[in-house]
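We name chains A, B, ... by the order of the sequence lines, and we start the count at 1 in each one.
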Amino acid sequence: MSQVYNPKVIEKKWQQTWDEKKAFAATDDYSKPKYYALVEFPYPSGQGLHVGHPRPYTALDIVARKRRMQGYNVLYPMGWDAFGLPTENFAIKNKIHPKIVTKNNVARFKNQLHSLGYSFDWDREINTTDPNYYKWTQWIFLKLFKAGLAYKTEMPINWCTSCKCGLANEEVVNGVCERCGSEVVRRVKSQWMLKITAYADKLIDDLDSVDYIERVKVSQKNWIGRSNGAEVEFSLKDKEEKLKIYTTRPDTLFGVTYMVVSPEHPYLDKFKDEIKNYDEIVAYREQAAKKSDFERTELAKEKTGVQIDGLSAINPVNGKEIPIWVSDYVLMSYGTGAIMAVPAHDTRDWEFAKKFNLPIVEVIAGGDVEKEAFTDVATGTLVNSGFLTGMSVEEAKKAIVEWLEKEGLGVPKRNFKLRDWVFSRQRYWGEPIPIVKCPKCGYVPLDESELPLELPDVENYEPTDNGESPLAKMREWVETTCPCCGGPAERETDTMPQWAGSSWYFLRYTDPNNENELASQEALNYWMPVDWYNGGMEHTTLHLLYSRFWHKFLYDEKVVPCPEPYQKRTSHGMILGSNGEKMSKSRGNVVNPDDIVNEFGADTLRTYEMFIGAFDASAAWSEEGVRGCRRFLDRVWKLQDMVTDETGYSKDLEIRMHQTIKKVSSDYENLKYNTAIAAMMSLINDFYKKGSVTRDEFKTLITLLNPVAPHITEELWEIMNYGGMLYETTWPEYEEAKTVEDTVEIGVQVNGKVRATVKLAKDASKEDALAAGKEAVKDRLTDNIVKEIYVPGKIINIVCR
RNA sequence: GCCGCAGUGGCGGAAUAGGCAGACGCCCGGGACUUAAAAUCCCGUGGGUAGUGAUACCCGUGCCGGUUCGACCCCGGCCUGCGGCACCA
């Protein structure tokens, strides 16, 4: 009789064994086929591991373990994205150095991950706050600077009033700070920027070459927001200057009845003297500037604006004079900060025209432009449009752009919603930016030999209200000499955002201890790209986009061998509290993974999180569900007493075995962990029904289950004396021919309704099948049989009147 | 408003080149074991009507219509929920 299943003991035992043997270390044998599986490295927060973490980690652990059994050299690494605000805030509050806080948090996280039995290669552990790591983050920054992709500029940025820190556009959600939820205001500051817009086209186009789930591709495309249109110059009446606009609808040029410039448009000051109502316009501009981003989007419903008295434009296609307005619905930061307004065919222009009684001229037939703007580009035909009249929208676009180019009035142009990346943070706990500001030479990069530029120890990490980094107070660190002229100069005191370290970390795993390069060419050539990367949807427009940008830059610099970092990207759903709401302390629905491991075991937690539902859908926690998975493992454990001396698969279960191997193998590849586990549950139900299981059947079962529940299966492997270690065995094979029964039971329908079932040979002829089918339902058939359908292996349908 | 995803038992969810809807798990009910309970094992479990009963029939995948021998699946029109974007010209 077997011992009782005690996960506490066996899980610790196998974790130690794996460690001692370095069971999951990737080798440097570059002749073997490789597989690089990656999950997003966590931010080691003070709260410890959340039950959300194990979901993606377990999923790719399953893939990694399976790949090893299939003979691949697998790299499945883990590390720490450890720079960041919560650590800094905690440090300030408790007067502990962020370094110490990070160290403690990492130790706790590592223990927790360890207790879950992941097959990470801990020899390659990295930490973004380690100077040996951020040396290379700084090195990449210098490359970007030298390539002209990092620049400093004075601009209005998103300023979080609580974090006292600038934010990237991507970090502002609904007008508030993504991290702390506080109000975000505009503040003009001198900022380091990264020119991600230089890669906008590639970031969209190259999505065609990778295997990302569709949702991710769509979100990235929307965020980058590419549009094709034209820039057109309108003459100003009695002036030399032209007013340049951007439009995606040059075909509607004949319908322009007015123009609008943004409140920040430079012409307002330039023509100050000629504008008769300048005071009114200045007042409007001030009012617009006062609105925060939040207000500007919240109060977007009602259009406001002021007509510029003393300035008007000429429509280039028909010579008509048209008024120019100022309104905050036109943004200075997109296009040229000025638009041509076509109220008949643009919803915003239509609202504006209605409000201020401006004329609406229909140029595309198909709607009722008095009732609403007609914006359907697929069906309309041009009217009232001179030489464009009668054309479709598409034809007209082509024709008008050709004409504009010929006349020198306009050019085709593409625009993006994507903005450059605000890269400065006015905080302490981040990578120092390796730049010196010299009064003579301007911004001067440090020499590579000076890297890493280490964070100095400061007394006080408190951010300041004036928007300066805490580093600014460290005079002995700030004051330095210019690498260029040798004169006195000051270091940059802003630090990099958290996204810096995570933008290239997957490269470092390939060669984590290299002191001379970010990673060797051989290691990068062999391991890159990442074969499968899983991470949260919330990183689609942040980390995922940023890291693709850096990677593309490094590819152009010939540092990395491939243009895209990740071959495949999947995303997991969130784990919610048992009440279906997001887990949070205030809702009191938080589940601590440690408690689950203590009470049920790591294998149960792993199994449950994979069984909880479709991998990409969010799912609510259920304690009863956890128990069900523990019960399943208990049943697997107890099977050891039913194992017979027989080898091979028993006759009655042979087909079930082959079917299960096939299903589990393919489900693990297709994010269908829940049905893979269901198939194994089903199989052991069959074993129980029979009351016995052969040695080889049991061996196959625990091998299939091993990636999900590695400890219990390894223990059973040892108990059963199968020889060697389970994790070193090979993945079970199946024979396609043996996955189908010789006889199949199929439904017999009469007029589309199932009335009986019959057993048939799998390759039964139509005649035999129909004869058997008719016999089974003979009482229901009439004499008038209209149609007989037989789909082998699927269905028989007899249609009669 | 635009884009994307989804809607199936009491619950989590299976099943789509169109072919026996509800796999697997949870909950619940019954039985075995036990002095008893827990645990475990076995059986049942979409709803309804009829029958002592094996069983029979009807209804069932958000709603309305269509295509088809046959629709959770395809098409048209709605409703609801979730996620993303949101004055980007």
Taking a pair to mean Watson-Crick or G-U wobble geometry with both distances below 3.5 Å, B:A56 pairs with B:U49

To the nearest angstrom, the CD1-C1' distance between A:Ile677 and B:A14 comes to 14 Å

Per atom distances to the A:Ser682 side chain, the nearest of B:A14, B:C24, B:C26 is B:C24

task: Please work out if A:Glu624 contacts a base, only the sugar-phosphate, or nothing of the nucleic acid, heavy-atom cut-off 4.0 Å.
output: sugar-phosphate

d(A:Met681 CE, A:Asp686 CG) to nearest 0.5 Å is 14.0 Å

Please state whether the rings of A:Tyr258 and A:Phe352 are parallel, tilted or perpendicular, taking 30° and 60° as the class boundaries.
parallel

Pairing partner of B:C24, by Watson-Crick or G-U wobble and under 3.5 Å for both distances, is B:G12

### Query
Is the shortest side-chain N to carboxylate O distance from A:Glu623 to A:Arg627 below 4.0 Å?
yes

Which part of the nucleic acid, if any, lies within contact of A:Gly225, taking any heavy atom under 4.0 Å across all strands shown: a base, the sugar-phosphate backbone alone, or nothing? nothing

Under 4.0 Å, counting only non-hydrogen atoms across every strand here, what does A:Thr757 touch: a base, just sugar-phosphate, or nothing? base

Partner of B:C74 under the Watson-Crick or G-U wobble criteria, both distances under 3.5 Å, comes out as B:G66

Phosphate OP1/OP2 of B:C42 contacted by A:Tyr688 side-chain N/O (<4.0 Å):
no

Quiz item: NA contact type, A:Asp349, heavy-atom cut-off 4.0 Å: base, sugar-phosphate, or nothing?
Solution: nothing

Point to revise | Side-chain donor/acceptor of A:Lys303 to base of B:C87, under 3.5 Å | key: yes

Exercise. Can a donor-acceptor pair be found between the side chains of A:Asn415 and A:Ser227 at a distance below 3.5 Å?
Worked result: no

Q) Taking only side-chain nitrogens and oxygens of A:Arg635, does any of them come within less than 4.0 Å of OP1 or OP2 of B:C42? A) yes

Check: residues 534-541 of chain A side-chain donor-acceptor pairs under 3.5 Å, at least two apart:
unit_1	atom_1	unit_2	atom_2	d
A:Asn534	OD1	A:Thr570	OG1	2.6
A:Asn534	OD1	A:Ser571	N	3.4
A:Asn534	ND2	A:His572	ND1	2.9
A:His539	ND1	A:Glu40	OE1	3.0
A:His539	ND1	A:Glu40	OE2	3.3
A:Thr540	OG1	A:Met537	O	2.7

Requested in this report: Classify the nucleic acid contact of A:Ile612 as base, sugar-phosphate or nothing, counting any heavy atom under 4.0 Å across all strands shown.
Outcome: sugar-phosphate

- Message: Within the 4.0 Å heavy-atom criterion, would you say A:Asn685 contacts the bases, only the backbone, or no part of the nucleic acid?
- Response: sugar-phosphate

* Could you tell me whether the phosphate oxygens of B:A21, OP1 or OP2, come under 4.0 Å of any side-chain nitrogen or oxygen in A:Lys753? => no

Closest to the side chain of A:Phe611, out of B:C3, B:G25, B:A14, is B:G25

In whole angstroms, the gap separating P of B:C41 from NZ of A:Lys638 amounts to 4 Å

Donor-acceptor contact present, side-chain A:Asp328 to main-chain A:Pro263, <3.5 Å: no

message = So A:Ala617, base contact, sugar-phosphate only, or nothing? Heavy-atom distance under 4.0 Å.
response = nothing

(request) Name the nucleic acid region contacted by A:Lys663, choosing base, sugar-phosphate or nothing; use a 4.0 angstrom heavy-atom cut-off, strictly under. (result) nothing

Any strand, both distances under 3.5 Å, Watson-Crick or G-U wobble: B:G7 pairs with B:C79

A:Tyr673 OH to B:A23 C1', in whole Å, measures 20 Å

request  = Return no unless some side-chain N or O of A:Lys794 is found under 4.0 Å from OP1 or OP2 of B:G19.
outcome  = no

Open item on the list: Check the phosphate of B:A14 against A:Asn674, side-chain N and O only, distance under 4.0 Å to OP1 or OP2. Yes or no?
Closed with: yes

**Asked** Within less than 4.0 Å of OP1 or OP2 of B:A15, is there a side-chain N or O belonging to A:Lys672?
**Response** yes

task = Would you mind classifying the nucleic acid contact of A:Arg419 as base, sugar-phosphate or nothing, using non-hydrogen atoms under 4.0 angstrom?
result = base

When rounded to whole Å, the CD to P distance for the pair A:Glu745 and B:C20 reads 12 Å

Here the distance between atom C1' of B:C2 and atom CG of A:Asp346, to the nearest Å, is 13 Å

Discussion item. Considering every strand and a 4.0 Å limit on heavy-atom distances, what is the contact class for A:Arg627: base, sugar-phosphate, or nothing?
Written reply: nothing

Checking all strands, does A:Phe632 fall into the base, sugar-phosphate, or nothing category for heavy-atom contacts under 4.0 angstrom? nothing

Checklist line | Touch class at under 4.0 angstrom, heavy-atom based, for A:Ser227 against every strand present | finding: sugar-phosphate

For residues 766-777 of chain A, which side-chain N or O atoms pair as donor and acceptor with protein atoms under 3.5 Å away, sequence neighbours left out?
unit_1	atom_1	unit_2	atom_2	d
A:Asp768	OD2	A:Ser765	OG	3.3
A:Lys774	NZ	A:Glu788	OE2	2.5
A:Glu775	OE2	A:Lys778	NZ	3.1

Among the nucleotides B:C85, B:C20, B:A14, whichever has the atom closest to the side chain of A:Lys417 is B:C85

From the candidates B:C69, B:C20, B:A89, the one with an atom nearest any side-chain atom of A:Lys787 is B:C69

Would you say A:Arg755 places a side-chain N or O within less than 4.0 Å of OP1 or OP2 belonging to B:G70? no

Review point. Any donor-acceptor pair under 3.5 Å between the side chain of A:Asn797 and the base of B:C69?
Key: yes

Base orientation of B:G65, chi within 90° of 0 counted as syn, else anti, reads anti

Under a 3.5 Å limit on both distances, the Watson-Crick or wobble mate of B:G1 is B:C85

| Side-chain-base donor-acceptor pair under 3.5 Å for A:Glu214 and B:G4 | no

note: A:Asp616, atom CG; B:G84, atom C1'; distance rounded to Å ~ 15 Å

Rounded to the nearest 0.5 Å, the CZ atom of A:Phe254 sits from the CG atom of A:Asn315 at a distance of 7.5 Å

Here the distance between atom P of B:C2 and atom CH2 of A:Trp223, to the nearest Å, is 21 Å

Here the distance between atom P of B:G4 and atom CZ of A:Arg215, to the nearest Å, is 14 Å

